[in-house]
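Below is one structure, written out as structure tokens; the observations come after it.
In what follows, every heavy atom counts, from backbone to side chain, and hydrogens, waters and symmetry copies are set aside. The residues of the chain are indexed from 1 along the displayed sequence.
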Amino acid sequence: MDTDKNEPRLPQSDRSTRVAAGHWVLARAGKRVLRPGGLKLTNRMLDAADLSGKKVLEFAPGLGRTATLMLERGIASYTGVDQDPDAVARVQAMVGPRGTVVNANAQDTGLESESAQVVVGEAMLTMQGDKGKREIIAEAFRLLQPGGCYAIHELGLTPDSIDAAFADQLRQRLARTIRVNARPLTRAEWCGLLEQSGFCIEWVGYEPMALLSPRRNLADEGIVGVARIMRNVARDKDLRRRILDMRATFNEYRDSLTGIAIVARKPTASLEEKEI
């Protein structure tokens, strides 16, 4: 497998390819963009969040790809929070002195309240049950200054009227395939969760869920990256089996899955609160 020996090891590198979480299996193959809507949707979300000059906090930065994009946008400061120490080491190595990455849970970061102007989270709420989703959203709300925004990029179900039994079947199939209890939601469900936690929805964007399509990989990884992935997959039978299984599942449910990104705003204090 093609890897840089100077890079920190990948998360879950001690697990067999057969049981490791799907996104870290893709990372073993050399894939560096692991978001449902790809780099295009990430960039659209970051544009909508208006990051320039802001204090930014990122939940579960993973391989650090989005962290580098945000640093390029002239943010005031960067803090990453990840529960995996290997991810912490990897992202800290990428951001260097321009940011800080701490080893903590997104549900309870231990960071100071109202210490961020933007909180970003991608492809991580999907991996939580309802309780976990609510806890992470509540923590984002606590960490944000009034008027700050929470930007998420997740796996969505479409349409909003999707049959409930079919949606459960899809979630169960995803969980078996990617070895993570994936719980994607419809637009109405994602927005409802955020609104119930006190956020106001400002922007919603979509891109196809095409994580393993050739066209998306060329756009996200470039020719060199695609060649690296193909080389790694060709050399490793277990890696190839897992990726083909994931691709088959994604293709089977293609019409019901989407990449969805939302920017939600924490309200500023009301006039009455300010007067008090």
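Between R265 and C149, some side-chain heavy-atom pair lies under the 4.5 Å cut-off. Here the side chains of Y253 and Q169 are in contact, with some heavy-atom distance below 4.5 Å. A 4.5 Å side-chain heavy-atom check between I178 and T249 finds every atom pair outside the cut-off. A heavy-atom distance below 4.5 Å is found between the side chains of L194 and I201. R35 is not listed as a side-chain neighbour of R65, based on a closest heavy-atom distance of 4.5 Å or more. The shortest distance between side-chain heavy atoms of L157 and R171 falls below 4.5 Å. Contact annotation: the side chain of M246 never approaches that of L211 to less than 4.5 Å [non-hydrogen atoms, C-beta and beyond]. Counting heavy atoms from C-beta outward, E154 and I262 have side chains that stay 4.5 Å or more apart.
At least one donor-acceptor pair closer than 3.5 Å links the side chain of W190 to the backbone N or O of L155. Judged purely by atom type and a 3.5 angstrom limit, D82 has no side-chain atom pairing as donor or acceptor with the backbone of V88. A donor-acceptor distance shorter than 3.5 angstrom exists from the side chain of H153 to the backbone of G37, with no hydrogens or angles considered. R216 places a side-chain N or O within 3.5 Å of a backbone atom of P36 that can act as its donor or acceptor partner. In this structure a side-chain-to-backbone donor-acceptor pair under 3.5 Å is present from R240 to V233. Within the 3.5 Å criterion, the main-chain N or O of K55 finds a donor-acceptor partner in the side chain of Q117. Within the 3.5 Å criterion, the main-chain N or O of L125 finds a donor-acceptor partner in the side chain of K133. No donor-acceptor pair under 3.5 Å is formed between the side chain of N181 and the backbone N or O of Q128. With R142 contributing its side chain and L111 its backbone, the two residues share a donor-acceptor pair below 3.5 Å. For the pair Q92 (side chain) and G99 (backbone), a donor-acceptor distance under 3.5 Å is present.
Taking the centre of each ring, F141 and Y150 stay at or above the 6.0 Å mark.
Heavy-atom contacts from other residues, nucleotides or ligands closer than 6.0 Å to CZ of R18 number 12 or fewer. By the 6.0 Å contact criterion, CZ on R247 is open, its count of non-hydrogen atoms from other residues, nucleotides or ligands being 12 or less.
When all heavy atoms of A49 and V263 are compared, the closest pair comes out as N-CG2, 4.2 Å. Looking at every heavy atom in both residues, I229 comes nearest to E221 through CD1-CG, 4.0 Å. Between Q83 and P85 the shortest heavy-atom distance is O-CD, 3.5 Å. Between I75 and V56, the shortest heavy-atom distance links the atoms CG2-CG2, 3.8 Å. Nearest approach of R28 to A20, heavy atoms of both residues: NH2-CB, 3.5 Å. Nearest heavy atoms, M70 versus Y78: CE-CE1, 3.6 Å.
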### Query
Do R187 and D160 pass the salt bridge (Lys or Arg N to Asp or Glu O under 4.0 Å) test, and can you show the C-alpha distance, the side-chain angles, and the key distance before you say yes or no?
CA-CA 6 Å; R187 170 189 171 134; D160 280 347; 5.5 Å; no
### Task
For salt bridge (Lys or Arg N to Asp or Glu O under 4.0 Å), just list the numbers for D220 and R32, CA-CA rounded to whole Å, side-chain angles, deciding distance to a tenth of an Å, and then say yes or no.
CA-CA 8 Å; D220 285 354; R32 295 295 176 259; over 6 Å; no
### Task
Decide yes or no on salt bridge (Lys or Arg N to Asp or Glu O under 4.0 Å) for R173 and E252, but give the supporting numbers first.
CA-CA 10 Å; R173 176 69 182 277; E252 181 179 349; 2.5 Å; yes
### Query
How far apart are the C-alpha atoms of T158 and Y206, what are their side-chain angles, what is the distance that settles it, and do they pass the side chain to side chain contact (heavy atoms under 4.5 Å, CB included) test?
CA-CA 11 Å; T158 187; Y206 303 93; over 6 Å; no
### Task
In sequence, state the C-alpha distance, the side-chain angles, and the governing distance for I223 and L218, and then conclude on side chain to side chain contact (heavy atoms under 4.5 Å, CB included).
CA-CA 6 Å; I223 294 175; L218 275 172; 4.1 Å; yes
### Task
Before giving the answer on side chain to side chain contact (heavy atoms under 4.5 Å, CB included), spell out for K266 and E114 the whole-Å C-alpha distance, their side-chain angles and the decisive distance to 0.1 Å.
CA-CA 11 Å; K266 178 177 179 176; E114 300 186 3; 4.1 Å; yes
### Task
Give the intermediate values and the outcome of salt bridge (Lys or Arg N to Asp or Glu O under 4.0 Å) for residues R242 and D245.
CA-CA 5 Å; R242 280 294 308 276; D245 191 27; 5.6 Å; no
### Query
Which is it for I152 and M124 under the side chain to side chain contact (heavy atoms under 4.5 Å, CB included) test, yes or no, and what are the steps along the way?
CA-CA 9 Å; I152 67 170; M124 52 90 66; over 6 Å; no
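The pair R241-D238 meets the salt-bridge criterion, since a charged nitrogen lies less than 4.0 angstrom from a carboxylate oxygen. Ion pair D130/R134 flagged as a salt bridge, since at least one NZ, NE, NH1 or NH2 atom sits closer than 4.0 Å to an Asp/Glu carboxylate oxygen.
Under a hydrophobic clustering in which Ile, Leu, Val, Met, Phe, Trp and Tyr are joined whenever their side-chain heavy atoms come within less than 4.5 Å, directly or via other members, L10 and V101 fall into different clusters. Residues L57 and L63 do not share a hydrophobic cluster, clusters being chains of Ile/Leu/Val/Met/Phe/Trp/Tyr side chains in contact below 4.5 Å. In this structure, I260 is a member of the same hydrophobic cluster as I136, with clusters built from ILVMFWY side-chain heavy atoms closer than 4.5 Å. Transitive grouping of hydrophobic side chains (ILVMFWY, heavy atoms separated by less than 4.5 Å) keeps V33 and M94 in distinct clusters. W24 is not connected to V19 by any chain of hydrophobic side-chain contacts under 4.5 Å among Ile, Leu, Val, Met, Phe, Trp and Tyr, and they are in different clusters.
With rounding to the nearest 0.5 Å, the separation of NZ in K31 from CG in N232 is 13.0 Å. To the nearest 0.5 Å, atoms CG (N251) and CG (L244) are separated by 10.5 Å. To the nearest 0.5 Å, atom OG of residue S115 and atom CD of residue Q145 are 8.0 Å apart. How far CG of L41 is from CE of M209: 12.5 Å, rounded to the nearest 0.5 Å. Between atom CD of residue Q172 and atom CZ of residue R183 there is a gap of 8.5 Å, rounded to the nearest 0.5 Å.
A side-chain contact (heavy atoms from CB on, under 4.5 Å) with T66 is found for exactly one of L34, L39, L46, N43, namely L46.
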